[in-house]
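Following: one structure in structure tokens, then a few remarks.
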Amino acid sequence: MPKKLADAFTALSIRTKLICVFVLTILVMLLVNVFMYLNINKITLQLDEIYADNVRLNSIADALDGLQSSMTSYLNTKTTDAMEEYYKNEQNYADLIAGLQTKATGDELLLMERNIHYMSETYLSLTADTIEAKRGRNVEKYKAYYDDASQLYEYLQMYILSLNNRRFRTNTGDYEVLSDSLQYLEMVSIFIFIALTLCTLLMVIMFTRNITKPLRKLSDAAYRVANGELEQADMVEVHSMDEIGVVTVAFNQMLQSIPNYMNRLRESIEKERQMKEKELLMETHLKDAQLKYLQAQINPHFLFNSLNAGAQLAMMESADRTYDYIQNMAAFFRYNIKKDHDEVTLEEEIRLVDNYIYILNVRFSGDIHFEKKVDESLLGIHIPSMLLQPIVENSVNYGIRNIDWEGRIVLSVYRKEENVCISIKDNGIGMTAERIEQVMQNCISHQEEAGDSNGVGLNNVMERLHLFFDGAERFAMTSEGMGKGTEVVISIPYPDIK
């Protein structure tokens, strides 16, 4: 049985072991303290009871003196205060003698108590008669009663004093016995506390040794491994399955896997070297691509610089509409070049849409009616660049270009709960639910997205929204059916306004 308990204790975690040791120590100390408290309290109560009779007899003697004195004071002064004092002392004395022994017994001390009780009743009767005779002005009677009461008072005093002395001598012997018992209990308490301290210290030493011994072995083996002495590092013996045992098992497994790990590391270094060579080759190609990209930027820059020159020439020739058209074209191309990968404000994006609508209306003789409903307090929100223009372009190309009625596009910006909503709605030919599902699932072919486009399709818009807002779905497209137009809504979280 002890071996089973030892094995069960060994299997516990260090935290549980510590709790068990501390709880056991605290319980033992608590039991010792309770034992000491009960015994000391018992002896204290006995000590209090030893001299309780002497205290009570002293109180009776004091009450008797007070009663005799108040009676004499009334007889001399006959005042109301003296009368009240007498009655108060009479009641006090009567209450005290009521607690005295009145039963017949063979115990001499109890028999003396009984005699004091009955003599006190006689004394109280005499004092009452004396007071009544004084109040009735019967001089002869109250003097006779007073003499008898005084004589009985002196006898009671001596009797009470004698009983008190005899009880004190008896109680002194009991007190010495209890005092010796209390001293013995103190010695026992000191011995128990010393033994308990030694046992606790021994338990702590054994428990600490149980923890530090496997830790020391583990640290020695780890030191050899750290110094590269793998051949000298042996497996560490596992004595328990607590936290240290778990770490030891993991260390042994690590020690077994180090050779394999070193082989994999050598292979990894070789692969990394090969990847470095590939990276250098890719870096060469990248620089070549960057050079070609810079060269490709020459034509757009040349384009809007030429447009700016045409705008200046139109202004000099007072061709205002031509000037406005060329200025809008130059602004549109400049925005495409500078903002293709940056985040911009909503205000800049709406300005680009204005430029785009202006250019289209010049091309198509004002057939596109564009309306804006914008909450200007939300224009500072940051969004990816080239976000709204592709949507407007999609509304023009696939919504209102080939309709028989007046084409209209409405751009709305408003606050809805914790989001800022950007709505682009047209009154064009609309879309079926299947078509909307294709668009949302990225199923539109490149041929369909071509046409008069700047190369940024709806799929690109959705992907950039997805990346810009950490994977959140912010793009929604709805249509009430064919011939009833299409609405695209982009929702931006309001706290993201910068």
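Please read all numbers here as calculations on a predicted model, not as lab measurements.
Counting heavy-atom neighbours within 6.0 Å of K78 NZ, excluding the residue itself, gives a total above 12. Residue Q157 qualifies as enclosed at atom CD: its count of foreign heavy atoms under 6.0 Å is above 12. A 6.0 Å sphere centred on NZ of K134 holds more than 12 heavy atoms belonging to other residues, nucleotides or ligands.
A salt bridge links R56 with E113; the closest basic N to acidic carboxylate O contact falls under 4.0 Å. E108 and R166 are joined by a salt bridge, as a carboxylate oxygen and a charged side-chain nitrogen come within less than 4.0 angstrom of each other. For R273 and E270, the salt-bridge test passes: some basic side-chain N is under 4.0 Å from an acidic carboxylate O. Salt-bridge formation is detected for the pair R351/E347: a Lys NZ or Arg NE/NH1/NH2 atom is positioned less than 4.0 Å from an Asp or Glu carboxylate oxygen.
Here the side chain of S70 pairs a donor or acceptor atom with the backbone of L67 at under 3.5 angstrom. The backbone N or O of S69 lies less than 3.5 Å from no partner atom in the side chain of S73, so there is not a single donor-acceptor pair. Using modelled atom types, one side-chain atom of T130 and one backbone atom of L126 make a donor-acceptor pair closer than 3.5 Å. Side chain of E349 to backbone of V344: no donor-acceptor contact under 3.5 angstrom is found. No donor-acceptor pair under 3.5 Å is formed between the side chain of N164 and the backbone N or O of I160. The backbone N or O of P390 lies less than 3.5 Å from no partner atom in the side chain of N394, so there is not a single donor-acceptor pair. Although no hydrogens or angles enter the test, the distance criterion places no donor-acceptor pair under 3.5 Å between the side chain of N92 and the main chain of K88.
Counting all heavy atoms, side chain and backbone alike, N89 lies closest to G66 at ND2-O, 3.2 Å. Here the shortest heavy-atom pairing between R474 and S491 reads CD-O, 2.8 Å. Of all heavy-atom pairs spanning C421 and V489, the tightest one is CB-CG1, 4.3 Å. For the residue pair M462 and V439, the shortest heavy atom distance occurs at CE-O, 3.2 Å.
The distance from the CG atom of L57 to the OH atom of Y159 is 12.0 Å, given to the nearest 0.5 Å. Taken from CD1 in I192 to OG1 in T197, the straight-line distance is 11.5 Å, to the nearest 0.5 Å. Rounding to the nearest 0.5 angstrom, the gap separating the CE atom in M71 from the OG atom in S150 is 5.0 Å. The distance from the CG atom of D65 to the OH atom of Y93 is 9.5 Å, given to the nearest 0.5 Å. Separation of atoms CG (N58) and CG (L96) is listed at 11.5 Å; rounding is to 0.5 Å. Between atom CG of residue L156 and atom OG of residue S120 there is a gap of 4.5 Å, rounded to the nearest 0.5 Å.
Inspection of the Y123 and Q68 side chains reveals an N or O donor paired with an N or O acceptor under 3.5 Å. Judged by distance alone, the side chains of Q91 and D95 do bring a donor and an acceptor atom under 3.5 Å apart. If you check the side chains of S423 and E487, you find a donor sitting under 3.5 Å from an acceptor. A donor-acceptor contact closer than 3.5 angstrom links the side chains of Y86 and T127. The closest side-chain donor-acceptor pair between H117 and E121 falls under 3.5 angstrom. Under 3.5 Å, the side chains of S377 and D375 contain a donor-acceptor pair of N or O atoms.
Residues I391 and I490 meet the side-chain proximity criterion, which asks for heavy atoms closer than 4.5 Å. Two residues are said to be in side-chain contact when any heavy atoms from C-beta on lie closer than 4.5 Å; L388 and L346 meet this criterion. Taking the side chain as every heavy atom from C-beta outward, M440 and F475 approach each other to under 4.5 Å. Considering only heavy atoms from C-beta on, I350 comes within 4.5 Å of V413 through its side chain. Using a 4.5 Å heavy-atom cutoff, the side chains of R135 and I131 are in contact. Contact check for L152 versus D148: no side-chain heavy atoms found under the 4.5 Å cut-off. The shortest distance between side-chain heavy atoms of E434 and E437 does not fall below 4.5 Å. Side-chain contact check for S125 versus T122: every heavy-atom pair is 4.5 Å or farther apart.
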Exercise. Under the side-chain contact (heavy atoms from CB on, under 4.5 Å) criterion, do I492 and I383 qualify, and how do the steps go?
Worked result: CA-CA 8 Å; I492 308 298; I383 60 177; 4.2 Å; yes
Problem set entry | Test side-chain contact (heavy atoms from CB on, under 4.5 Å) applied to S162 and M112, step by step | CA-CA 9 Å; S162 175; M112 291 179 70; 3.8 Å; yes
For this session: Could you go through the side-chain contact (heavy atoms from CB on, under 4.5 Å) check for L100 and R114 one step at a time?
Result: CA-CA 7 Å; L100 294 175; R114 185 169 182 273; over 6 Å; no
For this session: For side-chain contact (heavy atoms from CB on, under 4.5 Å), just list the numbers for Y74 and T79, CA-CA rounded to whole Å, side-chain angles, deciding distance to a tenth of an Å, and then say yes or no.
Result: CA-CA 6 Å; Y74 175 75; T79 61; 5.7 Å; no
